[in-house]
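What follows is one structure encoded as structure tokens, with my remarks underneath.
Every chain is numbered from 1, with letters handed out A, B, ... down the list of sequences. The figures here come from the full heavy-atom set of this structure, side chains too, leaving out hydrogens, waters and symmetry mates.
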Amino acid sequence: MLLNILKQALRNAIDKWGRVASQNVPPFDITIPPSERLGDYSTNAAIILAKILKERPENIAEELLPFLEKEGLTEKIEIARGGFINFFLTSQLLEAVIREILDKGGKYGFPQIGEAKKIQLEFVSANPTGPLSVAHGRGAVIGDVLANLFARLGYNVVKEYYINDHGSQIEAFAKSIEARYFQLFGEDMSIPSDGYRGEYVKDLAKIIREEVGDKLLYAPKEVRGELFRERGVELMVQSHRETLKRFGVEFHSWFQESNLHHSSTIAKTLGVLKEKGLIFEKDGAIWFHSTLFGDDKDRVLVRSDGSFTYFAADLAYHRNKYERGFAQVIDIWGPDHYGYVRRMLAGTRALGYGEGWLRILIFQVVRLVREGELIMMSKREGEFVTLDELIDEVGKDAVRFFYLLRTIDSPLDFDMTLAVKQAPENPVYYVQYAHTRIHSILKEAEKRSLSPQSITSARLDLLKEEKEKALIKKLGEFPTLISTTLASLEPYNIVRYSMELARIFHNFYESHRVIVDNEDLAKARLQLMKATLQVFKSCLQLLGVEAPERM
RNA sequence: GCGCCCGUAGCUCAACCUGGAUAGAGCGUUGGCCUGCGGAGCCAAAGGUUACAGGUUCAAAUCCUGUCGGGCGCGCCA
């Protein structure tokens, strides 16, 4: 990996220079300079050193220069204004990038740091009281892409969906189905004020009517209430599962909140907190002293009517996760859960799970815009565009890609009109098209029996064009992309990189033919194409977007 | 009221956490490029006082303070 090689060389040079041990030098950067005239890479090391040695950066750079040159990685090193040291890499170093990619294949850029450690990502976890919305779609893609990333790094990844099948909203949902069911038989029963009015509730009632006929009209209230609740949730969860599958997201595990209530899990968790003396009674309720762990107020765990709060169940849920042996847990929540983060973290601290065991990502709102106007959405009123409809209109790949065009922290305006109209010009096609073009080249080469020879004999030194070098350098950045994405948990980085790589590739493609008369050059370029194809494949696989051979 | 986030090109956004050189993309606008591997493409141009005012620094979009403007959170809901 280019950056590491350079960084190591820089440290060696500093040590040989001898005025200060490299391990005592604060971290310095190696970056790509703003212009190609300034070299392939650049470092501020001399400026950092100048600070601790209290000398002019330019002088430090001058002293360091001969030692850097001896490392032999560079064709030329320049000292720029301000004390930046600019490297112009040797072609051998660039060739090494291609060799490494072809040698490692799908493993290129993915150090096996996971060591089969168990990691859980919990996401979507939509209330089973209605169809998945476009907001759920955003969480789904973010979680899925991160799961792909961890899997490629050798982690043992579990994608889990938490089903909130307990509580007042579920009761209102069950009553809504019940009302629709009775209405189907001409009975007069109205939907409760906190109920759900969407068309889909009528469909659920119809399905239940087909399954059991009119039996429930005469069943005792509690019996039929339970059936509407259970069957309603089941049907809703099933529809979530199907929608997500169409979207390319499949969960390993579906966890029901109600199981926590049916077992003694919640009580046990409260017991643990009680032993630690973190629980107290006030106003007839039982409270968790969460302010001791960074929350801004204490939280109720058991209401004065004796029932558990959602938070109590969620604490038990996270304790359950811990006991299942996950070394790391990542929760991905929508913006409406912002105020919930601190108390959850306080809970895991109190339970002693260590800082960083739980990471919570909050993605920002998704707003739908049609014809330039915001579409207001309300699940209760049944007025919303579902994720299914969005996939129908725009297509799986484009929807996934579109969701990732913004950082997690940034609100996303999804312009339906534009997304549909511009589907063929969506950036996803730009990246896929690059993949397709490379595939065509390789096929054409095969047709002409120009099969790329073994990598060891390829004359990679013939790749001297600026646009070839730019492409190789970009390929060399892929491992850095992976490590920064791992640190930031920001899938957007992968999309951005894919688009940059596509741009550089298209640029190369328009300027140079791969299949040229000079057979050695043609074969060298074919190797470059194979390496590029590999990196595109890795990107698209992470994103969960098709890598088509034809479009 | 308390707390958090945001303000960057006509529009939508990167870069801010970890301060570095000429603040980048996409869309839109304007002008070029198809008798060779797929034009869903490429090239070029125009477009910026990084909300404002101070401060720290050799260096500030980035860090600190204040002002203005926008958004969100603050339930014995889930």
Exercise. Could you state the atom-to-atom distance from CD1 of A:I408 to P of B:A14 in whole Å?
Key: 12 Å

Quiz item: What's the closest nucleotide to the A:R496 side chain, out of B:A78, B:G24, B:C37?
Solution: B:G24

Quiz item: Please give, in whole Å, the distance from B:C37 P to A:F505 CZ?
Solution: 13 Å

Quiz item: Could you go step by step and tell me if A:Y161 and A:F255 meet the ring-ring contact (aromatic ring centres under 6.0 Å, His included) rule?
Solution: CA-CA 6 Å; A:Y161 191 116; A:F255 192 102; over 10 Å; no

Quiz prompt | Interatomic distance at C1', B:A45 relative to B:U49, whole Å | solution = 23 Å

Practice problem: Please work out whether B:C68 sits syn or anti, treating a glycosidic angle within 90° of 0 as syn. | Solution: anti

Quiz item: Is there a donor and acceptor pair closer than 3.5 Å between the side chain of A:T436 and the base of B:G38?
Solution: no

Quiz item: Is A:H435 touching bases, backbone alone, or none of the nucleic acid, heavy atoms closer than 4.0 Å?
Solution: nothing

Quiz item: Between A:Y430 and B:C42, does any side-chain N or O lie under 4.0 Å from OP1 or OP2?
Solution: yes

Quiz item: Does OP1 or OP2 of B:C6 have a side-chain N or O of A:S410 closer than 4.0 Å?
Solution: no

Quiz item: What orientation do A:F280 and A:H289 show, parallel under 30°, tilted 30 to 60°, or perpendicular over 60°?
Solution: perpendicular

Quiz item: Does B:A78 have OP1 or OP2 sitting under 4.0 Å from an N or O in the side chain of A:R303?
Solution: yes

Practice problem: May I have the distance from A:E500 (atom CD) to B:A15 (atom P), rounded to whole angstrom? | Solution: 12 Å

Exercise. Please measure how far the C1' atom in B:U50 lies from the corresponding atom in B:A25, and state the result in whole Å.
Key: 16 Å

Quiz item: When all nucleic acid strands are considered with a 4.0 Å heavy-atom cut-off, which category describes A:N86: base, sugar-phosphate, or nothing?
Solution: base

Self-check item: Distance-only polar pair, side chains of A:Y429 and A:D397, donor-acceptor under 3.5 Å
Solution: no

Quiz item: How many Å lie between CZ on A:R367 and P on B:U12, as a whole number?
Solution: 10 Å

Quiz item: Between B:C13 and B:G20, how far is it from one C1' atom to the other, in whole Å?
Solution: 24 Å

Quiz item: Judged by modelled atom types alone, do A:E257 and A:H261 share a side-chain donor-acceptor pair under 3.5 Å?
Solution: yes

Quiz item: At under 4.0 Å, does any side-chain N or O of A:Y509 touch on OP1 or OP2 of B:G39?
Solution: yes

Quiz item: For A:F84 and B:G20, is the gap between ring centres under 5.5 Å while the planes differ by less than 30°?
Solution: no

Quiz prompt | A:H240 side-chain N/O to A:G130 backbone N/O, donor-acceptor pair under 3.5 Å | solution = yes

Quiz item: A:T31 or A:E490: which one's nearest nucleotide on RNA chain B is closer to the 5' end?
Solution: A:E490

Quiz item: Are the charged groups of A:K473 and A:D40 less than 4.0 angstrom apart, N to O?
Solution: yes

Exercise. Report yes if a donor N or O on one partner sits less than 3.5 Å from an acceptor N or O on the other, where the partners are the side chain of A:D165 and the base of B:A78; otherwise report no.
Key: no

Quiz item: So what does A:R503 touch, heavy atoms closer than 4.0 Å: a base, only the sugar-phosphate, or nothing?
Solution: sugar-phosphate

Quiz item: Whole-Å distance between B:A21 C1' and A:E78 CD?
Solution: 13 Å

Quiz item: Should B:A25 form a Watson-Crick or G-U wobble pair with both distances under 3.5 Å, which nucleotide is its partner?
Solution: B:U12

Quiz item: Does any non-hydrogen side-chain atom of A:I77 lie less than 4.5 Å from one of A:N86?
Solution: no

Quiz item: Below 4.0 angstrom from OP1 or OP2 of B:G75, is there any side-chain N or O of A:K297?
Solution: yes

Quiz item: For A:R437 and B:G39, is the shortest distance between a side-chain N/O and OP1 or OP2 below 4.0 Å?
Solution: yes

Quiz item: Is the phosphate of B:G41, meaning OP1 or OP2, less than 4.0 Å from a side-chain N or O of A:N507?
Solution: no

Practice problem: Round to a whole Å and report the spacing from CG of A:L404 to P of B:A14. | Solution: 13 Å

Quiz item: Does A:T484 offer a backbone N or O that forms a donor-acceptor pair with the side chain of A:S488 under 3.5 Å?
Solution: yes

Exercise. Would you mind telling me which of B:A21, B:C13, B:C4 lies closest to the side-chain atoms of A:L38?
Key: B:A21

Exercise. Look at A:Y310 and B:A78 and indicate whether a side-chain polar atom (N or O) is within less than 4.0 Å of OP1 or OP2.
Key: no

Quiz item: Atom CD of A:Q364 to atom C1' of B:G70: distance rounded to whole Å?
Solution: 13 Å

Quiz item: What interatomic distance, in whole Å, is found between C1' of B:C16 and the corresponding atom of B:C5?
Solution: 13 Å

Practice problem: Could you measure between the two P atoms, the one in B:G41 and the one in B:G26, and give it in whole Å? | Solution: 11 Å

Exercise. Ignoring backbone atoms, establish whether A:S168 has a side-chain N or O less than 4.0 Å from OP1 or OP2 of B:C77.
Key: no

Quiz item: With a non-hydrogen cut-off below 4.0 angstrom, is A:P335 in contact with a base, only sugar-phosphate, or nothing?
Solution: nothing

Practice problem: Output the single nucleotide from B:C37, B:A21, B:A78 whose closest atom is nearest the side chain of A:I441. | Solution: B:C37

Quiz item: Base, sugar-phosphate, or nothing: which does A:D283 touch, judged by heavy atoms less than 4.0 Å apart?
Solution: base

Quiz prompt | Selected nucleotide, minimal atom distance to A:Y433 side chain, candidates B:G24, B:G39, B:A21 | solution = B:G39

Self-check item: Side chain of A:W287 - closest among B:G20, B:C76, B:C37
Solution: B:C76

Quiz item: Side chains of A:T436 and A:H439: do they bring a donor and an acceptor to under 3.5 Å?
Solution: no

Quiz item: How many Å lie between CG on A:D409 and C1' on B:C4, as a whole number?
Solution: 12 Å

Quiz item: According to a strict under-4.0 Å criterion, is A:T309 in side-chain N/O contact with OP1 or OP2 of B:C77?
Solution: no

Quiz item: Would you say A:H337 stacks on B:G73, if stacking means ring centres under 5.5 Å apart and planes within less than 30 degrees?
Solution: no

Quiz item: For the side chain of A:A80, counting heavy atoms from C-beta on, which of B:A15, B:A21, B:A78 is nearest?
Solution: B:A21

Quiz item: Can you tell which of B:C37, B:C13, B:G24 lies closest to the side chain of A:E444?
Solution: B:C37

